[in-house]
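What follows is a single structure, written as structure tokens, with notes after it.
None of these values were measured; they are calculated from a predicted model.
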Amino acid sequence: MNGNIISSTELNILAAAEKLFLEKGFKAASTTEIAREAGCNQALVHYYFRTKENLFNKIFYAKFETVMDFIDRSIRDDSDIFNSISSIIGAYFHFLTENPKIPYFLFNELTQNRERRKYIREVFLSSKRGQTVFSRLQSMVERANRTGTIREIDPLDLIIDGMSLVVFSFIAAPIFIDLLGRDGNTASEFLEHRKKEITTLLINGLRPAGETSGPGNGRE
């Protein structure tokens with residue numbers, strides 16, 4: 001590999017690995033299958049990435065940077081915090097709609113593999129983009145705290161609340177669609193409904209006691 005230049009073979013291997021990891025899971029996807037899917041031999045997979053773990057790490061880091069970019073672009077420093085939250089939730093839903101298998105894959109990997117959790121923690125701590133996004137979110141929440149726009153809340157709690165609600169919606173969508181048994185109800189309709197409901201839930205949960213105005217337009 002030459003510095004930051006990525007060859008077409010590397011890109012093909014990464015695309016093949018991502019496809020197979022999401023379809024079969026990390027453990028079940030072999031480097032032989034990845035090579036076959038990428039149209040190369042196994043030796044090239046080893047040459048470029050050494051191990052499956054390195055392949056996973058490369059793919060995860062790229063996805064992490066992408067979702068951070070989605071969120072970063074959705075935050076406006078001069079906007080109302082409620083509008084920003086609505087925009088962030090929309091961006092997160094958009095990313096997962098384009099990558100619908102990621103929640104299932106990561107949930108399985110993170111619950112079963114402690115080393116994977118340690119790596120992902122390192123990514124959160126070391127990513128400059130991630131640090132920038134968290135810093136902007138923290139400033140936004142602290143500013144709203146100071147002005148009394150929202151109740152007192154730790155920015156990390158707000159992030160966890162939002163992430164868990166959105167991710168669970170994607171994981172649970174097929175289950176709830178079948179359980180609800182609503183004729184004609186599709187995954188996209190269910191997720192659109194959940195996006196609006198989560199936005200309302202988060203915003204109303206942030207308002208100071210006694211305020212119940214709707215989402216997205218600041219205090220009414």
Side-chain angles (χ1 to χ4, degrees), residues 14-26 28-29 55-76 81-113 116-117 119-124 127 129-134 136-137 140-141 155-180 182 184-203 205-206 215-216:
L14 285 167
E18 180 180 340
K19 178 176 181 289
L20 291 172
F21 287 164
L22 292 176
E23 287 179 354
K24 306 181 68 172
F26 176 82
L55 267 171
F56 173 88
N57 293 349
K58 188 91 172 179
I59 292 165
F60 176 82
Y61 190 83
K63 292 296 183 183
F64 176 81
E65 290 289 295
T66 299
V67 74
M68 288 297 104
D69 184 59
F70 267 90
I71 294 173
D72 194 29
R73 286 187 281 115
S74 69
I75 304 171
R76 297 179 179 176
I81 186 172
F82 301 128
N83 288 331
S84 284
I85 288 173
S86 179
S87 181
I88 291 166
I89 295 299
Y92 200 22
F93 262 88
H94 180 66
F95 172 78
L96 291 181
T97 298
E98 293 187 338
N99 300 271
K101 294 182 180 179
I102 284 181
Y104 304 94
F105 175 68
L106 286 181
F107 183 80
N108 288 332
E109 287 297 315
L110 293 178
T111 54
Q112 298 175 22
N113 192 321
R116 193 81 70 234
R117 294 197 296 271
Y119 169 73
I120 290 176
R121 180 177 184 274
E122 290 172 5
V123 171
F124 273 90
S127 167
R129 176 60 62 84
Q131 291 173 1
T132 297
V133 169
F134 182 77
R136 295 186 69 197
L137 287 170
M140 180 179 71
V141 173
L156 185 58
D157 282 325
L158 179 58
I159 293 170
I160 293 172
D161 290 345
M163 287 182 64
S164 58
L165 287 167
V166 173
V167 169
F168 181 76
S169 293
F170 279 83
I171 292 175
I175 301 170
F176 280 107
I177 288 171
D178 289 341
L179 288 177
L180 292 171
R182 293 176 178 169
N185 193 226
T186 64
S188 60
E189 290 171 337
F190 175 81
L191 291 171
E192 182 63 27
H193 170 76
R194 289 303 304 159
K195 179 174 70 175
K196 294 176 181 177
E197 186 65 22
I198 289 168
T199 302
T200 300
L201 183 66
L202 288 174
I203 289 175
L206 282 174

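- Contact check on Lys63 versus Glu18 returns a salt bridge, with a Lys/Arg side-chain nitrogen under 4.0 Å from an Asp/Glu carboxylate oxygen.
- Asn108 contributes a side-chain N or O that, together with a main-chain N or O of Tyr104, makes up a donor-acceptor pair within less than 3.5 Å.
- Although no hydrogens or angles enter the test, the distance criterion places a donor-acceptor pair under 3.5 Å between the side chain of Glu189 and the main chain of Thr186.
- Here the side chain of Asp69 pairs no donor or acceptor atom with the backbone of Glu65 at under 3.5 angstrom.
- Here CD1 of Ile160 is found 8.5 Å from CE of Met163. Values are rounded to the nearest 0.5 Å.
- For Phe60 and Phe21, the gap between ring centers reaches or exceeds 6.0 Å.
- Within the 4.5 Å cutoff, the side chain of Leu158 has heavy atoms near those of the Ile85 side chain.
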**Request:** Go through the steps to decide whether Phe56 and Phe105 satisfy the test ring-ring contact (aromatic ring centres under 6.0 Å, His included), and finish with yes or no.
**Result:** CA-CA 11 Å; Phe56 173 88; Phe105 175 68; 5.7 Å; yes
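- Across every non-hydrogen atom of Ile89 and Gly162, the tightest pair is CD1-CA, 4.5 Å.
- Between the side chain of Thr199 and the main chain of Lys195, a donor-acceptor pair closer than 3.5 Å is present.
- Separation of atoms CG (Leu156) and CG (Leu137) is listed at 10.5 Å; rounding is to 0.5 Å.
- With hydrogens and angles ignored, the 3.5 Å screen pairs a side-chain donor or acceptor of Asn113 with a backbone N or O of Arg116.
- In this structure, the side chains of Asp161 and Leu201 stay at 4.5 Å or more apart for every pair of heavy atoms.
- If you take OG on Ser86 and CD1 on Ile198, they are separated by 11.5 Å, rounding to the nearest 0.5 Å.
- Across all their heavy atoms, Arg136 and Ile75 have their closest contact at NH2-O, 2.7 Å.
- The shortest non-hydrogen separation linking Leu191 to Ser169 is CD2-O, 3.8 Å.
- Residues Ile88 and Ser74 form a side-chain contact, since some pair of their non-hydrogen atoms from C-beta on lies under 4.5 Å apart.
- A centroid separation of less than 6.0 Å is found between the aromatic rings of Phe124 and Phe64.
- When side chains are defined from C-beta on, Phe176 counts as touching Phe190, because their heavy atoms get closer than 4.5 Å.
- Side chains of Arg117 and Ile120 form no contact here, defined as non-hydrogen atoms less than 4.5 Å apart.
- Taking the ring axis of Tyr119 as reference, the NZ or CZ atom of Arg121 does not stay both within 45° of it and closer than 6.0 Å to the ring centre.
- By the 4.5 Å heavy-atom criterion applied to side chains, Phe82 and Leu202 are not counted as neighbours.
- Put simply, OH on Tyr61 and CD on Glu122 are 12.0 Å apart, with the number rounded to the nearest 0.5 Å.
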**Asked** Do Arg194 and Glu197 pass the salt bridge (charged side-chain N to carboxylate O under 4.0 Å, His left out) test, and can you show the C-alpha distance, the side-chain angles, and the key distance before you say yes or no?
**Response** CA-CA 5 Å; Arg194 289 303 304 159; Glu197 186 65 22; 5.3 Å; no
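- In terms of heavy-atom proximity, Ile159 sits nearest to Phe134 at CD1-CD1, 3.4 Å.
- Under the 4.5 Å side-chain criterion, counting only non-hydrogen atoms from C-beta, Pro103 is in contact with Leu96.
- Nearest approach of Phe26 to Glu109, heavy atoms of both residues: CB-OE2, 3.2 Å.
- Checking Glu98 against His94 by side-chain atom types alone, a donor-acceptor pair falls below 3.5 Å.
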